[in-house]
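Model, not experiment: these values are computed from the prediction.
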Amino acid sequence: MADTSTTDRQSWAKGLDQLTKDRGGQEVTIEVLDRSFGDQTEAERLPFAYATYDPKDDVVVVAVGGRSSSYPVVLRHMVPHPSEVDIDLDAGAFRVVEQDGTTTIVSFFAPSGD
């Protein structure tokens, strides 16, 4: 993952906005890797709504659902005070690392029919 620098906070919002524009509606899986609780799947193959970085609150937000009657509710996964964000626009994946080392991995699936 090399499209956006891991520590350049100014590029995080731009990269996540571009990923939202390019991949909105695609199925996504959100996984959390945590030393205390182990690896957890937060969402599996749900439609991607958006991802953004809010510098005021210092939080990365990943949202899924809310695009159809099949998934009418938007679910949000928040990563407070991230220390690293890696975005790969070509592969359609990104990784967010919290200060304590907890890591969120968001992976996209190819659209149906491709």
What's the separation between atom [atom1] in [X] and atom [atom2] in [Y], rounded to the nearest 0.5 Å?
{"X": "Leu46", "Y": "Phe109", "atom1": "CG", "atom2": "CZ", "answer": "10.0 Å"}
{"X": "Ile105", "Y": "Thr41", "atom1": "CD1", "atom2": "OG1", "answer": "10.5 Å"}
{"X": "Leu16", "Y": "Asp54", "atom1": "CG", "atom2": "CG", "answer": "11.5 Å"}
{"X": "Leu33", "Y": "Gln40", "atom1": "CG", "atom2": "CD", "answer": "10.0 Å"}
{"X": "Glu44", "Y": "Ser107", "atom1": "CD", "atom2": "OG", "answer": "11.0 Å"}
{"X": "Thr104", "Y": "Ile30", "atom1": "OG1", "atom2": "CD1", "answer": "8.0 Å"}

Carboxylate-amine/guanidinium proximity below 4.0 Å for Arg9 and Asp58: yes

Assess the residue pair Phe37 and Val32 against the criterion (side chain to side chain contact (heavy atoms under 4.5 Å, CB included)); give the C-alpha distance rounded to whole Å, side-chain angles, the decisive distance to 0.1 Å, and a yes or no. CA-CA 9 Å; Phe37 298 107; Val32 178; over 6 Å; no

Exercise: identify the closest heavy-atom pair between [X] and [Y]:
{"X": "Gly65", "Y": "Ala49", "result": "O-CB, 3.6 Å"}
{"X": "Trp12", "Y": "Ile87", "result": "O-CD1, 4.0 Å"}
{"X": "Pro82", "Y": "Tyr53", "result": "CG-CE1, 4.0 Å"}

Would you check if Arg45 and Thr29 make a side-chain contact, meaning some heavy-atom pair closer than 4.5 Å? yes

Do Leu19 and Phe108 have side chains that approach each other closer than 4.5 Å (heavy atoms only, starting at C-beta)? yes

Which hydrophobic side chains are connected to Val61, either touching it within the sub-4.5 Å cutoff or through other members that do? Tyr50, Val59, Met78

Sequence neighbours left out, what pairs pass ring pair (Phe, Tyr, Trp, His ring centres under 6.0 Å) with at least one residue falling in residues 64-93? none

Does Val97 offer a backbone N or O that forms a donor-acceptor pair with the side chain of Ser83 under 3.5 Å? yes

Is the backbone of Ala51 close enough, under 3.5 Å, to the side chain of Thr20 for a donor and an acceptor to pair up by distance? yes

Residues at least two apart in sequence or cross-chain that pass side chain to side chain contact (heavy atoms under 4.5 Å, CB included) with Gln18, listed by chain then number, are Lys21, Asp22, Leu89

